[in-house]
Amino acid sequence: MYKWLDERLDLTSLYQKVLRKAFPVHHSFFLGEITLFAFVVLVLTGVFLTLNYEPSIREVRLPDGRTVPAAYASILYIDSLPFGAVIRSLHHWSAHVMIAAAFLHMLRILLTGAYKKPRELNYLVGLALLGLAVVTAFTGYALPYDNYAVTATRIGYGIAASIPWVGGTIAEVMFGGEFPGSERSIPRLFSLHVLWLPLLLMALIGLHLAIMIKQKHTQPRYAERVAPGKILGVPMYPQQMVIMGILFALYVGIMTMIAGAFLAHPVEAFGPPTPNTPAVKPDWYFLWLYGLLQIIPASWQFRLFGATVGPEFIGGVLIPGILGIVALLLPFVDTRKDKMRYMELPSEHPVRTSAILALLVFFLMSTLAGYKIDFQQQGSLLGNNAVLWTLVLGGPLLTFFLAYTLMRIFYGKKEEEKAL
Ligand code: HEM
């Protein structure tokens, strides 16, 4: 069989060219792989869910006599199937893992300078992947069509519609009309969630991995000592594939246990949508945005060329947009010591490392602001807007200053400062 295929497809040269490539081994490289495993599990479990889900808000009658939207009823149906609730939970928790792992993978890339020449393009593909993963998760939010899902998605609809000049069009394309209300919203979000966005993710993941193989991985620093000038690692096939196979099996095993123990998003607890908005918060990866929306005063509003620029746009689009542009420009601004073969050490780059820590503190403090209403109900000082703003802006500045000073004390003057 192999001979037959080899004569036609020249498998031997494919094996020599691609599958014998050395794959450097370092624990931090598994973050990219975990992101990949989570995506594979999302696709597999998503197929099962799609086969049993009805993307419609038409009213249907449940066996207990209640009338509910068909989408909501189909989630109850999925939960009643053998292993249905576990598969749905596996899908839900894998979405969390994919976003967390992709974010940590990005931090590794930033901390070790792996975004520099020649990897700028793959870094940009990676940023697009992270953005798409978050948007895909968001489009899945509304699908159970319970009171929680509808309330949380409405926040996203408000942000999309708040974009000056084009907000109406973007909201129309994404939500198929006003959300909630339009009958086209669920079919639109469904097709984005199960077809267009996953296809785009698959294509970009393929491109990401192909570029990575072509350009070769950055290597851990010990490779410079052990085998200078050479690629040190295990062959892609069979060794690396076996390691990945074992890790994938471990991922599925651990996540299935978690899914069995912690069932995700119990729709019956929230009930079908009602005119009363329940007090809900979005998932952790949106909480920092939600926090910014909580502390930006309603008075931050002005007219610009006939359009209204308001708090929802400033917190939900402008601030994340500025962060995104800074991230996009990074490899073109930080061009010192490029064409790199080896991972840089965070301790050698105090300015970059301190800036990354400051960014993490910004995310944490904005997330804290997401609990503003709870703090107010407890009568805590943290319910005060001025205090929260001080933490959101002052926390990162202080972190930068402290981290930079400590790194200078412990690691001395390194090449980054000499270059500055
Ligand atoms: C769906 C999301 C993603 C998947 C599935 C993915 C997958 C991977 C895998 C498996 C690797 C090789 C192992 C490793 O270095 O960890 C890799 C490398 C890489 N990724 Fe990603 N990645 C994703 C998102 C990102 C993001 C958000 C960034 C940065 C913004 C990024 C930038 C890179 C770069 C520059 C490399 C080459 C690293 C080097 O040579 O050291 N990726 N990715």
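Ligands are counted one by one from 1 in listed order, and the atoms in each one are counted from 1 as well.
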Relative to the ring of His92, is the ring of His96 parallel (under 30°), tilted (30 to 60°) or perpendicular (over 60°)?
-> tilted

Identify, by atom number and element, the atoms of ligand 1 in contact range of Ala114, meaning under 4.0 Å from any of its heavy atoms.
-> 35 (C), 41 (O)

Would you say His208 and ligand 1 have an N/O pair spaced under 3.5 Å apart?
-> yes

Indicate the ring-plane relationship of Tyr15 and Tyr237, choosing parallel, tilted or perpendicular according to the 30° and 60° boundaries.
-> perpendicular

For ligand 1, is Tyr123 a contact, meaning one of its heavy atoms is under 4.0 Å away?
-> yes

Worked check of side chain to side chain contact (heavy atoms under 4.5 Å, CB included) between Phe48 and Leu81 = CA-CA 11 Å; Phe48 168 83; Leu81 294 171; 3.9 Å; yes

Should the pair Phe179 and Phe175 be assigned to parallel (<30°), tilted (30 to 60°) or perpendicular (>60°) ring geometry?
-> tilted

Are the ring centres of Tyr53 and Phe190 closer than 6.0 Å?
-> yes

When only distance counts, is His217 in polar contact with ligand 1, meaning an N/O pair under 3.5 Å?
-> yes

For Met98, take its heavy atoms, then give the atoms of ligand 1 lying under 4.0 Å from any of them.
-> 1 (C)

Which atoms of ligand 1 sit under 4.0 Å from any heavy atom of Leu209?
-> 9 (C), 10 (C)

Honestly, for Thr218 the part within reach of ligand 1 (heavy atoms, under 4.0 Å) is both

Please could you name the atoms of ligand 1 that Glu33 approaches to less than 4.0 Å, counting only its heavy atoms?
-> 10 (C)

Closest heavy-atom pair and its distance - Leu204, Ala128 | CD1-CB, 4.1 Å

In terms of the angle between their ring planes, are Tyr123 and Tyr115 parallel, tilted or perpendicular, with boundaries placed at 30° and 60°?
-> tilted

Electrostatic pair Arg336:Glu344 at N-O distance under 4.0 angstrom = no

Ligand 1 to Leu130, heavy atom cutoff 4.0 Å, flagged ligand atoms 27 (C)

Main-chain N/O of Leu42 paired to Ser94 side chain as donor or acceptor, under 3.5 Å | no

Looking at ligand 1, does any of its N/O atoms fall within less than 3.5 Å of an N/O of Arg108?
-> yes

For ligand 1, is there an N or O atom under 3.5 Å from any N or O atom of Phe29?
-> yes

Give the contacting part of Met343 toward ligand 1: side chain, backbone, both or neither, where contact means a heavy-atom distance below 4.0 Å.
-> neither

Ile109, portion touching ligand 1 at heavy-atom distance under 4.0 Å = side chain

Validation row, ring centre Phe248 to ring centre Phe37 under 6.0 Å = yes

of all protein heavy atoms, closest to atom 2 (C) of ligand 1 is Thr35 CG2, 3.5 Å

When only distance counts, is Arg119 in polar contact with ligand 1, meaning an N/O pair under 3.5 Å?
-> yes

For the residue pair His105 and His208, categorise the inter-ring angle as parallel (less than 30°), tilted (30 to 60°) or perpendicular (more than 60°).
-> perpendicular

Mind checking whether His105 has an N or O less than 3.5 Å away from an N or O of ligand 1?
-> yes

Given salt bridge (charged side-chain N to carboxylate O under 4.0 Å, His left out), test Glu172 with Arg184 step by step and report yes or no.
-> CA-CA 10 Å; Glu172 174 69 32; Arg184 286 177 296 135; 3.3 Å; yes

So for Leu201 against ligand 1, with non-hydrogen atoms under 4.0 Å, the contacting part is neither

Any Leu127 heavy atom less than 4.0 Å from ligand 1 | yes

Nearest to atom 27 (C) of ligand 1, what protein heavy atom do you find, and at what distance?
-> Gly126 O, 3.0 Å

